Amino acid sequence: MKGKLKFEKPIVVSAVCLSMILSVGSCAGDGFDEETFSGGVTNTQLESPDASKVSFEKLAGKPSVKVEWPVIMGAGGYLFSMYIVDDPTNPVAVVKDSIIDGCSVACTYLDDTNYKVEIKTLGNDKYNNKDAASVSEVTWSTLVPATTIPAGTDLNTYFENNPITSGKDVEVAYELEAGGSYTISGDLNLGVNNVQLRGNKVNHAKVTFTGSGAIVSSGGGMALKFIDFDCDVVSKGSFVKFGDVPEEIKGMNSYGIVTNPMIIQSCEIRNVRHYLVNINGKNEKMYVPFVVMAGTMLDNTNGKKYAIQNFIVRDCLIKFYQDAEIFNFNSNNSFVKDFELSSSTLYNLSEASNGRFMRVAGGKGADVGWADCSMNFTSNTFYNISCDQEAFNSNVWNRQKNTVNLSKNIFYDSCKGEFNRRIVGGRTDNAKTCDNNCYWYKGGSGLEKEANGNYGDKSTSAYGVDPGFKDPANGDFTVRHSEVISHGSGDPRWLK
């Protein structure tokens, strides 16, 4: 796909730490006089702090980490740098050569990221002390510690031989080797465990389904990250489905309560031929806080009923040959509380009559003690998704005081040109906000249809132009229309 399938977008991070000295306001600021602070160290070439004694502490309530190191007596300060080193050959500076008059500093951090910190002790002219000759280097990671699964492994065989027994209260992570190839040969059952299965951010692992199967969770929590999946042989099945509801997660009104998020993030999912997500049936009730940071199929054909608290698809590229609903929460009383689809591309190459974008059954947040529900669509590219079908169908969801937010999306030949109408069922019970959405349907502007009625896109920033995608048939949705670029609409990976 001509270099565009790079899932990690450039990260905009402040070039300067928060410049807070968090514990030792100044290394000399502890009530000691200058002579005491110097420690009698004069006429000396100083050493940088011992790397083994540099500590990292995440700060509560904010995405910041406190980096702290031991005092070097006689120092005039410290030269501090912090880099993202997900690709060690191409470090990205978060902070570079910042002079710190103290022994600690706070910097912003990102999840699922590897860092390197460099600290160099600076000399002090007053005591004739010289800069350290070398820099102390320390690595730190926000990735969950993981067990590595060797490349070439069939994941079903691996977990049969290495069963997960940690339960839902402890997240366990498994990492696939960078660029490695793996297979899934049948249902990959993760049970009621809280499992993270990830690849490498820079060089995704490749996982191919070699038989009809799915990734199966029984409500313990799940995260799929940085993996490219090929679902070509799964003609009528699903990518992810849920197993039987364990007694240990059943709660209010007999719903299964899944307290850990389920996440799909930064994945490419190719050749989805049936449901992306399917929760259908008529047996147990189950609640699932499910997070998908971009692209996955979920299926439940064994009669489960689900209430999903957080379902997130983020930073994914998903290729369909669509013949059914993409998100099918059509079990009795199944529903999603907070649904997010963001920074993702969903495209369909089938010309067959296809299903709706989403179906939701009759559950309500109040059924499990939650507040109202929401759907949030931000910075997505939709191409030929449910082209001649409705976007959404529900008997109850759109009759509640729920919220729909649409921001910076491109809808191209999708959802019958009526996404706004159908996502709220043609009603005005829901609160809806829109901004900078682009609508194009079957060779013409879709704006008039999408803005029609009280339920339409009433923002002043809505518009209808052909984005001029570069090569949709081969999965390249690079935008070539200047108006789309100026609005910043669509999946950000195509706006570079």
Side-chain angles (χ1 to χ4, degrees), residues 6-30 37 45-125 129-145 178 200-203 225-226 265-266 293 314-315 343 492-493 496:
K6 187 174 181 181
F7 293 88
E8 285 306 305
K9 297 172 277 296
I11 300 167
V12 179
V13 186
S14 172
V16 182
C17 269
L18 302 182
S19 297
M20 299 164 52
I21 305 306
L22 296 175
S23 59
V24 186
S26 163
C27 289
D30 295 322
F37 172 65
Q45 178 152 20
L46 303 174
E47 294 184 354
S48 292
D50 184 344
S52 67
K53 296 181 179 178
V54 177
S55 64
F56 297 83
E57 178 187 358
K58 289 183 178 180
L59 302 179
K62 59 183 72 175
S64 297
V65 60
K66 174 186 174 183
V67 187
E68 188 170 13
W69 54 91
V71 173
I72 302 297
M73 292 300 180
Y78 304 87
L79 195 65
F80 179 89
S81 298
M82 186 173 185
Y83 301 90
I84 293 172
V85 288
D86 291 322
D87 179 358
T89 66
N90 185 31
V92 178
V94 179
V95 181
K96 185 173 176 60
D97 294 340
S98 180
I99 296 176
I100 306 300
D101 180 22
C103 300
S104 64
V105 66
C107 298
T108 57
Y109 70 84
L110 300 170
D111 290 333
D112 301 319
T113 302
N114 294 308
Y115 291 94
K116 179 179 73 172
V117 162
E118 296 180 349
I119 306 170
K120 180 179 180 180
T121 302
L122 299 177
N124 190 321
D125 291 341
N129 292 330
K130 307 301 183 186
D131 293 355
S134 61
V135 172
S136 291
E137 295 187 356
V138 190
T139 58
W140 179 68
S141 180
T142 57
L143 287 163
V144 177
N200 180 278
K201 286 174 70 174
V202 177
N203 187 6
K225 301 182 179 183
F226 319 126
Q265 173 184 330
S266 302
M293 284 162 161
R314 184 179 297 152
D315 185 33
S343 300
R493 83 189 75 217
K496 300 173 186 176

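Quick caveat, the model's predicted, so the values are computed rather than measured.
Minimum interatomic distance between Glu137 and Ala51 (heavy atoms only, all atoms of both residues): O-CB, 3.7 Å. Residues Leu46 and Gly123 share a closest heavy-atom pair of CD1-CA, 4.2 Å. Considering every non-hydrogen atom in both Trp69 and Gly102, the closest pair reads CZ2-O, 3.4 Å. Across Leu110 and Tyr115, no two heavy atoms sit closer than the pair N-OH, 2.7 Å. In terms of heavy atoms, Phe80 sits closest to Ile119 at CD1-CG1, 4.0 Å. The two residues Asp112 and Thr142 make their nearest non-hydrogen contact at N-OG1, 3.0 Å.
To the nearest 0.5 Å, the span separating NZ on Lys66 from CD on Glu57 amounts to 5.5 Å. We find the CD-OG distance between Glu68 and Ser55 to be 5.0 Å, quoted to the nearest 0.5 Å. Between the CG atom in Asn200 and the CG atom in Leu143 there is a gap of 9.0 Å [rounded to 0.5 Å].
Counting heavy atoms from C-beta outward, Ser266 and Lys225 have side chains that stay 4.5 Å or more apart. Thr139 has its side chain out of reach of Val85: every pair of non-hydrogen atoms, C-beta onward, lies at least 4.5 Å apart. Using a 4.5 Å cut-off on side-chain heavy atoms (C-beta onward), Thr121 and Gln45 make no contact.
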Begin with the C-alpha distance, continue with both residues' side-chain angles, and end with the deciding distance and a verdict on side-chain contact (heavy atoms from CB on, under 4.5 Å) for Arg493 and Asp315.
CA-CA 9 Å; Arg493 83 189 75 217; Asp315 185 33; 3.3 Å; yes
- Message: Checking Ser98 against Tyr78 for the side-chain contact (heavy atoms from CB on, under 4.5 Å) test, could you report, in this order, the C-alpha distance in whole Å, the side-chain angles of both residues, the deciding distance, and whether it holds?
- Response: CA-CA 8 Å; Ser98 180; Tyr78 304 87; over 6 Å; no
Report the C-alpha separation of Val71 and Cys103 in whole Å, then their side-chain angles, then the decisive distance to 0.1 Å, and conclude whether the side-chain contact (heavy atoms from CB on, under 4.5 Å) test is met.
CA-CA 6 Å; Val71 173; Cys103 300; 3.4 Å; yes
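Salt bridge status for Lys120 with Glu118: absent, with no side-chain N to carboxylate O gap under 4.0 Å.
Between the side chain of Asn129 and the backbone N or O of Asn124 there is no donor-acceptor pair closer than 3.5 Å. Between the side chain of Ser48 and the main chain of Ala132, no donor-acceptor pair closer than 3.5 Å is present.
In terms of the ring-ring contact (aromatic ring centres under 6.0 Å, His included) criterion, Tyr83 has no residue partners (sequence neighbours excluded). The side chain to side chain contact (heavy atoms under 4.5 Å, CB included) test applied to Leu122 returns Leu79, Ile99, Asp131, not counting sequence neighbours. Not counting sequence neighbours, the partners of Pro70 by the side chain to side chain contact (heavy atoms under 4.5 Å, CB included) test are Pro49, Lys53.
Under a cut-off of 6.0 angstrom, the local environment of CG in Asp97 is crowded, with over 12 non-hydrogen atoms contributed by other residues, nucleotides or ligands. Counted within 6.0 Å of CD on Glu47, heavy atoms from surrounding residues, nucleotides or ligands total 12 or fewer; the atom is thus considered open.
Between Trp140 and Phe56, the angle of the ring planes stays under 30°, which puts this pair in the parallel group of the 30/60° scheme.
Between the side chains of Thr113 and Lys201, at least one donor N or O sits under 3.5 Å from an acceptor N or O. There is a side-chain donor-acceptor pair under 3.5 Å between Ser141 and Asn114.
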